[in-house]
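Here's the structure we're looking at; comments come further down.
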2 protein chains.
Amino acid sequence: MTSIKDVAKLAKVAPSTVSLVLNHKGYVSEITRKKVEEAVAKLSYVPSEMARNLSLNRTNMIGVIVPEISHPFFATFIREVEVELYRRGYKTMVCSTVQKANAEHAFVNMLRRQTMDGIIMGAHSLELDIYDGLSHPIVAFDRFINENIPIVHADHQSGGRLAAKAFLPHRCHHIVQIMGAREVLTPANAHHEAFIETLTEAGTRVDTLEMAWNAFDPIDFLQTAEQLFNKYPDVDGIFGPDLAICSCMRVAAQRGIRVPENLKLVAYDGTYITRMGQQVITAVVQPIGHLAYMAAEKITSWVNGRPGEKLYALPVTLQEGDTC
Amino acid sequence: MTSIKDVAKLAKVAPSTVSLVLNHKGYVSEITRKKVEEAVAKLSYVPSEMARNLSLNRTNMIGVIVPEISHPFFATFIREVEVELYRRGYKTMVCSTVQKANAEHAFVNMLRRQTMDGIIMGAHSLELDIYDGLSHPIVAFDRFINENIPIVHADHQSGGRLAAKAFLPHRCHHIVQIMGAREVLTPANAHHEAFIETLTEAGTRVDTLEMAWNAFDPIDFLQTAEQLFNKYPDVDGIFGPDLAICSCMRVAAQRGIRVPENLKLVAYDGTYITRMGQQVITAVVQPIGHLAYMAAEKITSWVNGRPGEKLYALPVTLQEGDTC
DNA sequence: GTGAAAGCGCTAACAG
DNA sequence: CTGTTAGCGCTTTCAC
């Protein structure tokens, strides 16, 4: 491996000078700069990032943990966050926790081992104690961890209200909402409360179907949909995550229930998948790009020692669609 | 930062001994092992990965480049490959190239800088010369780079034939296939040839619509679909990537064209999105899990110096659906 | 402006 | 079995 010493030798200067040139630091005479650059080119020298990391005590790498990378919501989030981090000079390491025993634990340990400078934590596991003594930079994505960890999330309360308001003019009699596991501590739970509240105030019956905390596979949603129609044959409105609503559309079609005539559907999340079917699904859209921007901003500013102001809930919007 | 020396001091042994204990190497007496472990616990010491990397000259990190992380095909691939790499003790770094100028270049440079031990290259950029002098471990994912770089891909030829055979019994008169840009050098192009060949042999008219090499946004597919129906009003069969077919279903629905009665659709890739709509889309399914397994296997064995046998095309399957 | 020297925290011979 | 020693390749004072 050709090292900085080889370059120094060839250019007849000291390694430290080479370092200065490479990092555009301090004052280097034009003449020695040229010599160094030539030597670098001749040897096609590339500095070792590992050595640099050790010296500087930082890796310029941010970890992102999510439950399931291929889920449209998280996939989109990861795409956006990767771009934002790249802009700020950071690499992105991803980790998904489902189908991998204690991956979250291993990931947090990597933070301790200084493999990454910080992490954006969006997984849904249930053991929060591993974060207790931790003073490393962490930003939570749509999830409560503890008081010391800032959290980036959408304004789920108005999200719930928005969804409810979409249903209201249609005067549904029986709405069912599909929600994630309550045991997962996430601000997202707020949208269910706001939803129920708004609708029951208006006198609509609302039932709730809870899914397992680790349900992310399309098959899980399909089963839930079947279950829903079996349990509540008179349902005329459903509110739930994108994938759940997709599954409901499918099952409804199979059972000859027409959407939106006999069944109104509103999805929560509003990922691109709500725009991929025959009908555009009416949906509350989480501002994934904005969330990613904030997460990237928060984590990098923490890594650089800047404290970061208080976080606020990011505004959601309603996507007009064909299903409600 | 508490280092290995602190542990050594507290345990009254040499740093090297601590290292041996930590890495379960060599023989260490039960008594000193205990001493070391206690000291580690007391100081809650965590070894620095950066220092370890520098010493060992490896990072246990594999980079994965794809054009677009959030695309269902690549998202699923990344999920699978991350799991496979995790199993083998490697971390995964992701990079998507669309919407990021010369990201591929930057990524390959990171390989040179030894930020990663190797990369799995699945991006669709067009500058292949950056790979020329490179001797680092690279595995191409569904893409030709150069002779020295092994490539993991599905058996696209039989994929094309499978699709054609799905159409045959329906005796379509005019089939249009949507394909990616020809300039992208990928084995996937083989499926179009096989498809056309099989169908023209049977006397069916087949037209081809080419998309831009960097088209990955749902909106691109929707435009293509519109374009297709405008250009070929008498089309009664369409073959194309999952997202393109989804868009065609949408546009067909808007125009009152019934699927499968008046229009047969077959998708290529068969990601979960073909199973999310009202109808299951008939599709040729790429074995993403298998591809990921092979890619992980190849890259890690190359990183470890084992040459790796010749690669073969992985078998595809047909997903029976409601659209053909 | 530039070079010498120390150090980042770990691993790996090699003695003993 | 364990300690000594010498790096890994880069950055960074601090003299000159």
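Each chain gets a letter, A, B and so on, in the order its sequence line appears, and its residues count up from 1.
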Original post:
If we fit an axis to the first five pairs and another to the last five of the helix from C/dG1-D/dC16 to C/dG16-D/dC1, what angle do they make, to the nearest 10°?
Top reply: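 Answer rounded to 10°: the end axes differ by 40°.
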Looking just at side-chain N and O atoms, do [X] and [Y] make a donor-acceptor pair shorter than 3.5 Å?
X     : Y      : result
B/R88 : B/N304 : no
B/N60 : B/R52  : no
B/N53 : B/T59  : no
A/S16 : A/S19  : no

Can you tell me how far [atom2] of [N] sits from [atom1] of [X], to the nearest Å?
X     : N      : atom1 : atom2 : value
A/K25 : D/dT12 : NZ    : C1'   : 8 Å
A/K5  : D/dG9  : NZ    : P     : 8 Å
A/K9  : D/dC10 : NZ    : P     : 13 Å
B/I4  : C/dT11 : CD1   : C1'   : 8 Å
A/R58 : C/dG9  : CZ    : P     : 16 Å
A/N57 : C/dC10 : CG    : C1'   : 13 Å
A/I31 : C/dT2  : CD1   : P     : 9 Å
A/R33 : C/dT2  : CZ    : C1'   : 13 Å

Original post:
What does B/L56 touch in the nucleic acid at a heavy-atom separation under 4.0 angstrom: a base, only the sugar-phosphate, or nothing?
Top reply: sugar-phosphate
Original post:
Contact class for A/M50 (heavy atom, under 4.0 Å): base, sugar-phosphate, or nothing?
Top reply: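 Counting heavy atoms under 4.0 Å across all strands, no contact is made by A/M50.
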**OP:** Could you please name the option among D/dT2, D/dC10, C/dG1 that lies closest to any side-chain atom of A/P47?
**Re:**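 So the nucleotide nearest the side chain must be D/dC10.
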Subject >> Which nucleotide in C/dG9, C/dA12, D/dC10 has an atom nearest any side-chain atom of B/A51 >> reply: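 Given the options C/dG9, C/dA12, D/dC10, the side chain of B/A51 is closest to C/dG9.
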**OP:** Check the angle between the aromatic planes of B/H290 and B/Y312 and answer parallel, tilted or perpendicular using the 30° and 60° thresholds.
**Re:** perpendicular
**OP:** Describe, in one word, how the ring planes of B/F141 and B/F74 are oriented to each other, choosing from parallel (under 30°), tilted (30 to 60°) and perpendicular (over 60°).
**Re:**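 Taking B/F74 first and then B/F141, their aromatic rings stand perpendicular (interplane angle over 60°).
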Original post:
Quick one: are B/Y293 and B/E80 in side-chain contact, heavy atoms under 4.5 Å?
Top reply: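 B/Y293 vs B/E80: side chains apart.
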**OP:** Look at the side chain of A/K25 and the backbone N and O of A/V21, then say whether any donor-acceptor pair between them is shorter than 3.5 Å.
**Re:**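 No.
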Original post:
Donor-acceptor pair under 3.5 Å: do we get one between A/T32's side chain and the base of C/dG1?
Top reply: no
**OP:** Taking all non-hydrogen atoms of both residues into account, name the closest pair between A/V64 and A/F77 and its distance.
**Re:** CG1-CE2, 4.2 Å
**OP:** On DNA chain D, check which nucleotide each of B/Q114 and B/S29 is closest to and give me the residue with the more 5' one.
**Re:**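 Comparing both residues, the 5'-ward one is B/S29.
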Subject >> Residues in contact with DNA chain D, drawn from residues 11-24 of chain A - heavy-atom cutoff 4.0 Å >> reply: A/S16, A/S19, A/N23
**OP:** Could you tell me whether A/K42 and A/E37 have a side-chain N and a carboxylate O separated by less than 4.0 Å?
**Re:**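 Between A/E37 and A/K42 there is no salt bridge, as every charged N stays at least 4.0 Å from the carboxylate O atoms.
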Subject >> A/R52 side-chain N/O to D/dG9 phosphate OP1/OP2 under 4.0 Å >> reply: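 No, A/R52 has no side-chain N/O under 4.0 Å of OP1/OP2 on D/dG9.
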